[in-house]
Amino acid sequence: MIKETEFLKTLTEIFRTELDDERLHLEMSSTQSDIVDWDSLAHVRIVMRVEGAYGVQFEVEEIEEMDSVQDFFDAIVHHLG
Amino acid sequence: MIHELPWLPSPTPSERDELQRLNGREGLVAITRLAKLSELRWNVSEFGSIGRKLRKFLQGLDPDYRSDATKAGLSPLSLLIFASNTAVHLVEPLMASALARGILLECQVVEYQEPEAWLAENSSRLAAAPPDATLISLDRNSLRLKAMIGNSAEAEACVRSAVDRVVAVCNKLSEFTGSPVIIENLPADWNDPQGSIDAWVPGSPRLLATTFNHRLAALAPTHPHLLFDIAGIADLVGQPIWSAGRYWYTAKLPFSPTCIPLYAQRFVTLLASLRGKSRRVLVLDLDNTLWGGVIGDDGVDGIVLGGTNALGKAYVAVQKMALHYKERGILLCIASKNTREIALEAFRRHPEMVLRESDITLFNVNWENKASNIRAMSETLNLGLEAFVLIDDNPVERKQVRDAAPGVAVPELPEDPSAWLPVMQGAAYFEQQSLSEEDLKRADYYKGNIQRAVLQGSAGDEKKFLESLQMVMTIAPFEPIGRKRIAQLAAKSNQFNLTTRRYSEVQIAEFETDPSVVTFQIRLTDIFGDNGMISVIICRKGKTAWDIDTWLMSCRVVGRGVERVALGVLAERARNAGVTQLRGRYIPTAKNGMVRDHYAKLGFAKVSEVAGGESAWSLNLDEFVPQDVPIKVVEDQVA
């Protein structure tokens with residue numbers, strides 16, 4: 001079972017590198033509209049990094065609907081059980 | 001897997017750490033460190049972050065960084081990418097890959113638009129600030145590659161129309177920018193049915209795409225546009241890996257982001273060839289590289305090569321690969337720790353040797369370390385280390401060369417030699433813009449040169465030596481047949497190049513019919529053979545003075561007096577036109593220090609020099625007396 005705190009830590013590192021912002025602060029509730037540089041191309045890069053980090057492959061529908069960090073977490077949990 | 005760039009060394013933990021900690025405060029020094037790190041095996045995410053770092057570091061530099069960067073050996077290049085689909089995500093990985101080859105890439109991206117409409121709107125902007133190169137990436141939809149199944153007339157018409165359209169777009173871009181245009185072909189698409197019938201039935205989408213690709217390839221030898229064979233890359237990695245899949249649907253990416261590092265490396269290799277940075281020499285180890293076993297221990301009869309032996313056949317395949325490169329103008333050299341005579345025996349006597357002594361330009365077979373041998377080759381051939389690729393089975397030797405001869409490409413190779421070829425094909429080190437007569441005979445020229453050097457060594461007296469060469473120089477104006485070679489020289493010459501103006505083939509063609517310029521294409525033969533075209537001069541005519549815009553020469557013929565003879569002919573032409581002065585400029589780069597005193601040596605007076613080293617020179621034709629040089633001149637007054 002993945003803990004939310006661990007997950008947030010991993011995602012923070014991913015977001016910081018992909019959005020090139022060492023001081024980015026992420027919450028489980030952070031959404032695309034909250035974070036200026038989280039555009040559709042950054043989304044692709046972030047999705048790829050998250051897939052790589054957890055060894056999963058998201059479906060098209062999931063990728064489209066992932067709008068917040070919480071969404072990512074729910075999708076990972078759904079895939080890993 | 002090929003798309004993971006297995007030929008590149010993996011970053012060590014300390015290199016990963018260094019990349020993370022690198023910041024732009026030290027300006028160009030940081031960029032140089034970043035350039036070294038960018039040569040390692042990173043994934044797409046890491047390449048992207050290298051590109052982002054580079055962007056940040058560049059922002060911190062002086063706005064005038066281009067000239068400093070040039071002196072640091074980095075070559076700025078502005079690229080326009082015109083794409084049917086998303087392309088903006090390629091920029092940062094491309095910048096990282098380009099940095100590894102010493103190119104500072106700046107990209108402008110135009111996405112999702114029809115080329116004709118965009119060109120019509122932006123022609124004057126393009127002409128005012130032309131990019132150094134343009135990449136065109138059009139997909140099946142933009143190209144309207146669609147026909148009724150079974151209708152061969154319709155199929156032919158739509159392919160022809162697509163090809164004509166692409167050529168027209170390339171021509172328009174050349175016209176507005178005056179710089180090279182690179183066109184992608186069409187990779188296989190898993191949206192297309194791929195049964196056997198789909199390989200032949202007219203109108204099959206798969207067949208339409210492959211026919212389009214064949215037509216594009218058929219045009220390449222004669223058209224100035226460069227082909228970027230992404231169909232070949234997709235083929236190498238396989239459709240399931242290449243295809244964007246979900247990412248096409250979510251973000252219109254044209255292919256899987258996991259393949260971006262390979263795409264970038266291949267594209268940058270093409271760009272590098274446009275900048276005179278192509279790799280031109282393949283250095284081969286001997287023991288366990290060209291044959292199995294150690295010839296010093298096993299003897300020429302004991303090495304494993306060819307025959308019915310599986311491993312032996314694998315080594316034959318490696319030799320055949322090397323021979324293929326030689327046949328298109330790459331020089332083959334041997335660097336091996338062995339006794340020379342013993343090693344040569346294999347080349348002379350072993351019946352399964354594919355490579356013969358005559359295929360090899362230099363045999364550095366001795367007990368020196370490999371890096372020193374390659375450095376010595378670099379001196380003898382007058383080519384920088386970046387022109388070299390080394391194949392060696394031994395990871396220790398490979399590391400020694402990477403550390404002590406930086407710039408040489410040293411692919412990591414698997415243990416099993418039968419697995420080497422796909423790695424070499426993946427890396428595709430040797431790109432070139434075109435294939436000329438000179439390319440096909442290059443190995444012979446270099447061998448001839450080495451024979452000449454030997455002759456010079458024994459001749460002693462310089463003048464006697466030059467006379468003994470019986471040189472004949474042919475000077476002709478630019479014309480269509482010489483055009484490709486002239487453009488190749490303009491693109492590749494780095495050292496003996498006074499102003500390093502990289503004219504494209506289109507611009508060279510324009511000079512052919514421009515009455516305001518005097519153009520020289522200079523060929524040289526001697527007793528060892530035909531050196532081909534070895535010098536290019538472009539001179540702009542003025543009322544009282546002529547300005548030498550371009551003066552470049554192949555380093556192969558330095559020290560023979562070619563430039564003195566060329567000056568004599570140019571001076572005579574100028575005098576006959578009533579002109580009293582010849583003027584020249586020297587624009588310094590990281591590589592052309594050898595011609596800083598070119599005009600001084602020819603008797604020009606220095607008119608001015610600015611901080612940074614750029615100088616202007618002038619020759620008073622009334623006082624000029626041409627020097628006697630033992631070269632016979634033939635002036636070809638081709639229309």
Side-chain angles (χ1 to χ4, degrees), chain A residues 7-26 30-33 35-80, chain B residues 1 3-4 16-17 19-24 34 42-60 81 83 85-96 107 109 111-112 240-241 243-261:
Chain A
F7 183 79
L8 191 58
K9 204 161 160 242
T10 304
L11 253 71
T12 303
E13 190 274 315
I14 289 175
F15 272 70
R16 281 182 178 173
T17 341
E18 295 309 326
L19 301 183
D20 205 35
D21 181 357
E22 281 304 306
R23 281 174 292 184
L24 181 72
H25 180 75
L26 214 62
S30 305
T31 66
Q32 283 207 21
S33 25
I35 297 176
V36 161
D37 292 320
W38 185 355
D39 61 14
S40 56
L41 285 179
H43 189 65
V44 166
R45 293 204 307 267
I46 290 164
V47 164
M48 284 181 70
R49 289 285 310 272
V50 174
E51 288 183 326
Y54 291 96
V56 301
Q57 217 181 39
F58 296 127
E59 292 163 21
V60 175
E61 201 180 350
E62 289 175 300
I63 298 175
E64 281 270 289
E65 290 175 358
M66 273 183 233
D67 187 51
S68 69
V69 178
Q70 184 71 47
D71 289 338
F72 272 106
F73 182 74
D74 295 339
I76 293 285
V77 166
H78 175 76
H79 276 262
L80 293 180
Chain B
M1 310 227 67
H3 66 289
E4 290 165 333
R16 286 185 185 279
D17 195 48
L19 178 62
Q20 265 221 326
R21 286 185 292 106
L22 208 57
N23 68 59
L34 192 61
W42 304 101
N43 63 35
V44 59
S45 189
E46 290 158 342
F47 268 121
S49 92
I50 291 176
R52 279 194 291 285
K53 270 194 199 283
L54 175 61
R55 258 216 184 115
K56 236 164 107 190
F57 294 0
L58 287 173
Q59 278 165 9
I81 302 178
N85 301 304
T86 305
V88 118
H89 65 306
L90 297 171
V91 171
E92 283 155 359
L94 277 175
M95 288 176 72
C107 295
V109 180
E111 295 166 317
Y112 319 126
I241 292 183
S243 295
R246 303 161 293 153
Y247 297 119
W248 164 256
Y249 299 117
T250 57
K252 272 199 130 197
L253 301 194
F255 58 88
S256 169
T258 56
C259 295
I260 291 177

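Within every chain, numbering begins at 1; the chains are lettered A, B, ... in the order of the sequence lines, protein sequences first and strands thereafter. Only this structure's heavy atoms are used, side chains among them; waters, hydrogens and symmetry mates stay out.
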Quiz item: Are there more than 12 heavy atoms of other residues, nucleotides or ligands under 6.0 Å from atom CD of B:Glu111?
Solution: yes
Practice problem: Mind listing the closest non-hydrogen atom pair of A:Phe58 and B:Arg246 along with its distance? | Solution: O-NH1, 2.7 Å
Quiz item: Is the count of non-hydrogen atoms from other residues, nucleotides or ligands lying under 6.0 Å from A:Glu65 atom CD greater than 12?
Solution: yes
Exercise. Please state whether the side chain, the backbone, both or neither of B:Lys53 comes within less than 4.5 Å of a heavy atom of chain A.
Key: neither
Self-check item: Nearest atoms (heavy-atom pairs only) where A:Thr17 meets B:Arg52
Solution: O-NH2, 3.2 Å
Quiz item: Do A:Met48 and B:Val44 have side chains that get closer than 4.5 Å, going by heavy atoms?
Solution: yes
Quiz item: Side-chain contact, heavy-atom cut-off 4.5 Å: A:Glu18 with B:Ser45?
Solution: yes
Practice problem: Enter the distance from A:Arg45:CZ to B:Tyr247:OH here, rounded to the nearest 0.5 Å. | Solution: 12.0 Å
Quiz item: Taking the side chain as C-beta and beyond, is there a heavy-atom pair between A:Ile63 and B:Tyr249 under 4.5 Å?
Solution: no
Self-check item: Structural part of B:Thr86 lying under 4.5 Å from a heavy atom of chain A
Solution: side chain
Quiz item: Are side-chain heavy atoms of B:Lys56 and A:Asp20 found at a separation under 4.5 Å?
Solution: yes
